[in-house]
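First comes the structure, then the notes that go with it.
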Amino acid sequence: MALVRFVFLFVLISFSASAQKDYKLWLQYNKVDNAEIASEYKNSLNNIVSFGNSETIKISVKELETGVFSMLDKKTEVKTQIEGENNLIIGSKSSLDSNLLKTLEADFEKINKEGFIIKSIAVKNKKQLIITGKNDVAVLYGVFSFLRILQTNKPINNLNIADSPKTNIRILNHWDNLDRYVERGYAGISLWNWQKLPDFIDQRYIDYARANASIGINGTVLTNVNANALILTPQYLEKVEALANVFRPYGIKVYLTARFSAPIEIGNLKTADPKDPEVINWWKNKAAEIYKRIPDFGGFLVKANSEGQPGPQNYGRDHVDGANMLADAVAPFGGVIMWRAFVYSEHDANDRAKQAFAEFQPYDGKFKENVIVQVKNGAIDFQPREPFHPLFGAMPKTPLMMEFQITQEYLGFSTHLVFLPKLFQEVLESDTYQKGKGSTVAKAVDGTLYQHKLTGIAGVANIGNDLNWTGHPFAQANWYGFGRLAWNPYLDSETIADEWLRCTFSNDENFIKPVKNIMIESREAVVNYMTPLGLHHIMDTGHHYGPGPWVSNLSRPEWNPTYYHKADKNGIGFDRSKSGTNATAQYAPEVEKLFDNLETCPEKDLLWFHHVSWDYKLKNGQTLWNGLALKYQEGVNQVAAMQNVWNKTEKYIDSERFHEVQMLLEIQNKEAKWWRDACLLYFQQFSGKELPAGVEKPTQTLEYFKSLKFPFAPGNGK
Ligand code: GCV
């Protein structure tokens, strides 16, 4: 009996230790096991000298103590005065004495309001290390950045870092409903326990804020863009206030989604017409009520007249009328309106890819100063690959905010290992040619192209109440990478993968090198086994789980996969060139020319822009049919290769996460084959051709794949 109890206890302890690893994200603070590095760190870090005593500074000190203790086994003392050498001084500009200010004068010139300095300096001839910034939250960012240096085992003896975020709003969009169901959420239910709020503060809220602050995220939209007006009632605002109080010391502002018809639904008005004086007044009062509770409330995110959501067009008004009315309501308090450009209509016979541009581009320059238009990275909807959204090169007078999707609605949910920063980087690096060569999307987004002051990047969160937050251990890297890119849209995704792996798992090069390769390859793999060569939107209906290229019976034409791939016996692909819908004309002439011409169109975007015959010769000499089939096979092979690499990593990491990823990769392998077989069998009906050598034979019939139904697939909109 005693033995049983012992075994049980042992299992429990080891379970909770590795479970904690899953929970701790990239903030593992693993012990530095390289003795030389550890001793260098220990010698360079004596006491912490803390200036200032705000909540944020206290959090910073605690983080440093925890990090240093856990990585170096070293207990640091916290002082309020500099004594001796090799201290770690932290404090914001206003708390530093004149000597320190003088030493750092030129450094402060280099950073913006949220930027930080980490510098080795001499104070009275003694070496010290200082982490500072213009406010306390900037100091916290500096602290996390410093801890990352330790986590990644980089030298600290001569640091001279001045780093500032390049965008103002770095924000997560939670598509969380008030009943805690997360639209397109694959990691459990919503973190926000509305029923227990405001009195019960779940430790998760604090850990969430800490994780976000560690990567520079400074905003969160708590509620789904398919909005519920109840969030704006006092009953809920009290709960929102409680969350805002938790997040504030971490530099995170709270934002809400505004349901456009709220004045009717919760305000008892007869209309929500943005020109109606009562409606205008209602929103002004609502804003005042919110700001009274939450003085640093960020503002509203709005999805209007899109996929059935109410909006100004219900009253014969337009997006500018709606956005500007709300902008006026929050302007006195410094709030912003993030107005989404994700619009398309079944009543518009135009190519769906053209509709948002057609509607929004003419509004350029018409929005109020505190409005930023939020545009998805591509013109359709977060597909494994989309060319950049043409609006990014076409609204010089309007601040445009990037919307990425971190949750993997179209990329295998939380089951597939797909490192999204690679996708994000591809979009950010795309050249819009708006002001000639080098006018990248990143420059449109960070405001440098047209000197916009209001800038931002949003990511649709992949977070839920799963133990590991994101469903897949590697999906944590997508949250992490999003934050890092929002801070600096010019970061390389490989650098991000490297950092994340070291902070999350291990610094062992034998682990880092091969696993980094998996991450970098993984995005192309998913494109290959789902939608190669520019195919898009061929997933199954509603839940978007698995392939459904055959679907053609949905009420709205542009919801049907057949609308997008247009496969017939002549070929496959959507002709968006001049001979087709002319969507290419929405890009700057240089880009238009590139995409429009079949010869110059990058093959990765081929079927996005062109309908191409099955016998068309690809650059490698293969026919389109053979090339397409081989790409599907390549995707499957890439997953198998990922598995081979992963299977050799067991000795470097904890067994729990090793096995989790191993099982998930096995599912990914099965599903990659499912995509390959279902799509190829379906398209083969049109091509009438045999599968080329090298492509495995499907194991099931097309009828079988068509018969698969998933009524309970997670994340489907309700
Ligand atoms: C929140 C896609 C998704 C919807 C989502 C919508 C949007 O259509 O499938 O679930 O709705 O995008 O971004 O508004």
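Start at 1 and go down the list; that is how both ligands and their atoms are numbered. All residue numbers in this chain count up from 1 along the given sequence.
- Of the options Trp283, Trp339, Tyr255, a ring pair (Phe, Tyr, Trp, His ring centres under 6.0 Å) to Phe300 is made by Trp283 and by none of the others.
- Counting heavy-atom neighbours within 6.0 Å of Glu369 CD, excluding the residue itself, gives a total of 12 or less.
- Tested against Thr257 for a side-chain hydrogen bond (donor to acceptor under 3.5 Å, both in side chains), the candidates Asn226, Asn224, Asn228, Thr223 yield a single pass: Thr223.
- For Arg340, the closest heavy-atom approach to ligand 1 falls below 4.0 Å.
- Heavy-atom contacts of Val225 reach the following atoms of ligand 1: 1 (C), 14 (O) (cutoff under 4.0 Å).
- At a 3.5 angstrom cut-off on N or O pairs, Glu183 counts as close to ligand 1.
- Taking the charged nitrogens against the carboxylate oxygens, Asp202 and Lys196 have no contact shorter than 4.0 Å, which rules out a salt bridge.
- Contacts between Val460 and ligand 1, counted as non-hydrogen atom pairs separated by less than 4.0 Å, are absent for every part of the residue.
- Among all protein heavy atoms, the one lying closest to atom 2 (C) of ligand 1 is Asp381 OD2, 2.8 Å.
- Residue, atom and distance of the protein heavy atom nearest to atom 8 (O) of ligand 1 are Glu307 OE2, 2.8 Å.
- By the 4.5 Å heavy-atom criterion applied to side chains, Met539 and Thr531 are not counted as neighbours.
- If you number the atoms of ligand 1 from 1 as listed, the ones under 4.0 Å from a heavy atom of His544 come out as 9 (O).
- Atoms of ligand 1 lying under 4.0 Å from any heavy atom of Lys303, numbered from 1 in the order shown and given with element: 1 (C), 6 (C), 7 (C), 11 (O), 14 (O).
- Between Tyr682 and His565, a ring centre-to-centre spacing shorter than 6.0 Å is recorded.
- Comment: Lys376 does not engage Glu386 in a salt bridge, judged by the lack of any side-chain N to carboxylate O separation of less than 4.0 angstrom.
- The distance criterion of under 3.5 Å between nitrogen or oxygen atoms is not met by Tyr344 with respect to ligand 1.
- Looking only at heavy atoms of the protein, atom 3 (C) of ligand 1 is closest to Glu409 OE2, 3.3 Å.
- The closest protein non-hydrogen atom to atom 1 (C) of ligand 1 is Asn226 ND2, 3.3 Å.
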Could you walk me through whether Phe482 and Phe404 pass the ring pair (Phe, Tyr, Trp, His ring centres under 6.0 Å) check? CA-CA 8 Å; Phe482 165 77; Phe404 285 129; 7.0 Å; no

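- Environment of NZ in Lys303: crowded, with over 12 heavy atoms of neighbouring residues, nucleotides or ligands closer than 6.0 Å.
- Residue-ligand proximity, Tyr410 to ligand 1, at heavy-atom distances under 4.0 Å covers atoms 9 (O).
- Which parts of ligand 1 touch Lys376 is read off a 4.0 Å heavy-atom cut-off, strictly below it: atoms 6 (C), 7 (C), 12 (O), 13 (O).
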